[in-house]
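For reference, the structure is listed below as structure tokens.
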Number of protein chains: 2
Amino acid sequence: MAKNFIYLCEMLLSPSQENYLKAIYKLEAREGIATNQALAALVEATPASVTNMLRKLTDAGFAEYEAYQGATLTAAGRNEAVTLVRKHRLWEVFLVEKLQYDWDAVHALAEELEHIGGDELINRLDAFLDHPAYDPHGDPIPNAKGVVRTRQHAIAASDAKEGDVFVVCGVRDSSSLFLQHLDKLNIALGKAYTLKECLEFDRSAVWVEQEGALTNVSNEVAKNVLIQLTDE
Amino acid sequence: MAKNFIYLCEMLLSPSQENYLKAIYKLEAREGIATNQALAALVEATPASVTNMLRKLTDAGFAEYEAYQGATLTAAGRNEAVTLVRKHRLWEVFLVEKLQYDWDAVHALAEELEHIGGDELINRLDAFLDHPAYDPHGDPIPNAKGVVRTRQHAIAASDAKEGDVFVVCGVRDSSSLFLQHLDKLNIALGKAYTLKECLEFDRSAVWVEQEGALTNVSNEVAKNVLIQLTDE
DNA sequence: GCCTTTTTTTAGTCATGGCTAAAAATTTTA
DNA sequence: TAAAATTTTTAGCCATGACTAAAAAAAGGC
């Protein structure tokens with residue numbers, strides 16, 4: 001009877017555990033493997049705390065963990081992580097679209113909100129927001145089944161060539177500092193530009209808006225802006 | 001310098017601490033004094049845990065607490081508690097109005113959401129919802145300054161007399177069980193009725209809807225339904 | 001292949017917020 | 001007013017999730 005209970009009762013994760021799963025998920029995507037140290041940096045804890053938590057997540061069946069080999073997610077763990085990403089991004093859409101927050105101010109709040117409630121809440125929020133495909137930073141929102149559609153044809157703006165016509169569709173850096181810098185440059189998601197000129201000296205570039213306004217974009221900025229080339 | 005920091009840095013409360021403040025607030029309103037035992041029941045903990053927490057809240061300046069005398073809130077504590085009530089009720093409005101939840105299903109979620117974020121978030125939510133005055137259960141929502149407008153002229157339906165015409169404006173019991181029972185009786189906030197007959201035998205009553213439908217309402221139900229008598 | 005450096009783990013602590021069981025204080029009853 | 005019942009507190013314990021400092025393991029340099 002007690003054994004049955006274990007099977008019937010869905011495993012509950014603490015917010016802290018959820019953050020670790022999300023961190024492993026991000027690192028798997030970024031560098032293939034989640035080292036102890038990288039995890040410590042992401043969750044803002046010490047490596048010792050990470051070891052401790054990884055053991056728990058492994059015991060609970062959400063991660064695979066071999067000493068000195070780094071962590072990977074199990075199917076269950078990946079599922080949790082994707083759901084968290086979904087929740088995070090949907091709340092960001094809500095905060096920007098409905099509560100009129102600036103795109104650079106929503107991360108911390110979404111980080112709190114993503115731990116609330118279960119599938120019911122998030123699916124209702126999704127419907128209320130009209131099933132958005134992207135969050136305010138251009139990142140794709142996993143659907144209710146956990147499928148993440150990867151952004152097609154997106155490249156870093158630093159890889160564009162003179163004469164290219166493109167639309168800004170995402171950012172690599174979602175920090176408030178970077179996003180506010182884009183605001184100052186008048187660069188926003190969905191805007192179209194033509195790359196007028198690449199300057200060899202500092203690898204910066206001159207972008208032309210459709211209305212003719214010129215923007216000088218440093219290579220450091222361009223590396224963190226994602227674009228889609230358009231046909232013409 | 002360190003001393004200044006204390007003055008400048010707003011005191012942060014844990015979710016658990018916030019729940020205690022809310023509980024004291026409710027008990028103060030309901031019975032004037034918050035006994036240790038009543039608090040234990042409300043926050044679902046043991047009296048020993050309550051003693052423990054009350055000492056912390058007293059040290060932090062949010063409650064006054066004399067051994068064996070029960071707890072009261074300080075101005076700071078009351079302020080926190082009212083803000084929590086405001087957050088709770090605004091989230092309930094959001095869940096019912098925007099996410100189409102049933103009124104009997106929102107309490108637990110609002111209980112989680114009320115601990116998220118600060119004034120900025122809740123004031124934006126308030127504006128988004130168009131500054132609602134009442135939550136889905138008819139309870140008044142404190143404004144941004146912490147002013148709670150008490151419901152005027154509300155009485156228990158069990159105090160109505162034969163021939164009285166009234167509008168349902170609130171409930172005393174927000175449990176899912178009771179609210180679903182009201183659903184079955186077709187009783188909802190804002191609906192108008194005439195009290196056709198009081199039955200002496202079991203103190204139940206017959207209500208007539210404007211469209212003529214009859215509802216038999218037990219005294220137990222009537223005691224938990226709040227109404228406003230209308231002129232005619 | 002050994003020595004140094006880096007990474008990870010162990011061991012021991014701490015704060016939070018619970019718990020139980022027993023003791024103490026208060027209130028009620030007779 | 002004294003005994004009984006209730007309420008509150010104390011004392012000691014537990015789990016979670018952090019931390020530090022030291023030990024151990026792995027990786028790199030030569």
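What you see below is based on every heavy atom in this structure, not just the backbone, and it leaves out hydrogens, waters and symmetry mates. Only a predicted model underlies this, so the values are computations on that prediction, with no experimental measurement involved. Note on naming: letters A, B, ... go to the chains in the order of the sequence lines (proteins, then strands), and numbering restarts at 1 for each one.
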> What integer distance in Å separates Glu66(A):CD from dA25(D):P?
Replying inline: 16 Å
>> Holding to salt bridge (charged side-chain N to carboxylate O under 4.0 Å, His left out), I want the full list of residues that pass it with Arg30(A), two or more places apart in sequence or in another chain.
In response: none
> Roughly, in whole Å, what's the span from CG in Asp59(A) to C1' in dA15(D)?
Replying inline: 15 Å
>> Using every non-hydrogen atom in the two residues, find where Pro47(A) and Asn36(A) come nearest and quote the distance to one decimal.
In response: O-OD1, 3.4 Å
> Using a cut-off of less than 4.0 Å, is there contact between a side-chain N or O of Ser14(B) and OP1 or OP2 of dT16(C)?
Replying inline: no
> Rounded to the nearest Å, what distance is computed from the CG atom of residue Leu42(A) to the P atom of nucleotide dA18(D)?
Replying inline: 14 Å
> CG of Leu57(A) versus P of dT16(D): gap in Å, rounded?
Replying inline: 12 Å
> For DNA chain D, which residues in residues 20-28 of chain A have a heavy atom at a distance below 4.0 Å?
Replying inline: Tyr20(A)
> Hey, is the side chain of Lys56(A) poking within less than 4.0 Å of OP1 or OP2 on dT16(D), counting only N and O atoms?
Replying inline: no
> Are Thr46(A) and dA18(D) close enough that a side-chain N or O sits under 4.0 Å from OP1 or OP2?
Replying inline: no
Grab the N/O contacts between the protein and nucleotides 6-8 of chain D below 3.5 Å, and write none if there aren't any.
from, atom 1, to, atom 2, distance (Å)
dT7(D), OP1, Gln37(B), OE1, 3.4
dT7(D), OP2, Gln37(B), OE1, 3.4
dT7(D), OP2, Gln37(B), NE2, 3.3
dT7(D), O5', Gln37(B), OE1, 3.4
dT8(D), OP2, Gln37(B), N, 3.1

> Do Asp202(B) and Ser218(B) touch side chain to side chain, with heavy atoms closer than 4.5 Å?
Replying inline: no
List, one per line, each side-chain donor-acceptor pair under 3.5 Å for residues 56-63 of chain A, sequence neighbours excluded.
from, atom 1, to, atom 2, distance (Å)
Thr58(A), OG1, Leu54(A), O, 2.8

Which donor-acceptor pairs under 3.5 Å do side chains of residues 92-99 of chain A form with protein atoms, sequence neighbours excluded?
from, atom 1, to, atom 2, distance (Å)
Glu92(A), OE1, His137(A), ND1, 3.1
Glu92(A), OE2, His88(A), NE2, 2.9

> Rounded to whole angstroms, how far apart are CD on Gln17(A) and C1' on dT16(D)?
Replying inline: 9 Å
> In this structure, are over 12 heavy atoms from other groups packed under 6.0 Å from Arg203(B) atom CZ?
Replying inline: no
>> Whole angstroms only, please: what is the CG-P distance between Leu13(A) and dT16(D)?
In response: 13 Å
> Val225(A) pairs by side chain to side chain contact (heavy atoms under 4.5 Å, CB included) with which of Ile155(A), Val217(A), Leu189(A), Leu182(A)?
Replying inline: Leu182(A)
>> On DNA chain C, does the nearest nucleotide to Ala48(B) precede the nearest nucleotide to Met53(B) from the 5' side, or the other way round? Give the residue.
In response: Met53(B)
> Can you name the residues that form a ring-ring contact (aromatic ring centres under 6.0 Å, His included) with His181(A), not counting sequence neighbours?
Replying inline: none
>> When you measure from the side-chain N and O atoms of Arg55(A) to the phosphate of dT8(C), is any distance below 4.0 Å, counting only OP1 and OP2?
In response: no
> How many Å lie between CG on Asn52(A) and C1' on dT16(D), as a whole number?
Replying inline: 9 Å
> Checking Arg78(B) against Tyr25(B): charged group under 6.0 Å from the ring centre and within 45 degrees of the axis?
Replying inline: no
> Does Tyr65(A) have Arg55(A) sitting over its ring (NZ/CZ under 6.0 Å from centre, angle to axis within 45°)?
Replying inline: no
> Glu18(B) CD to dG17(C) C1': how many Å, rounded?
Replying inline: 15 Å
>> Nearest to the Ala45(B) side chain among dG17(D), dG17(C), dC19(C), which nucleotide is it?
In response: dC19(C)
> Which part of the nucleic acid, if any, lies within reach of Ser49(B) when heavy atoms closer than 4.0 Å are counted: base, sugar-phosphate only, or nothing?
Replying inline: base
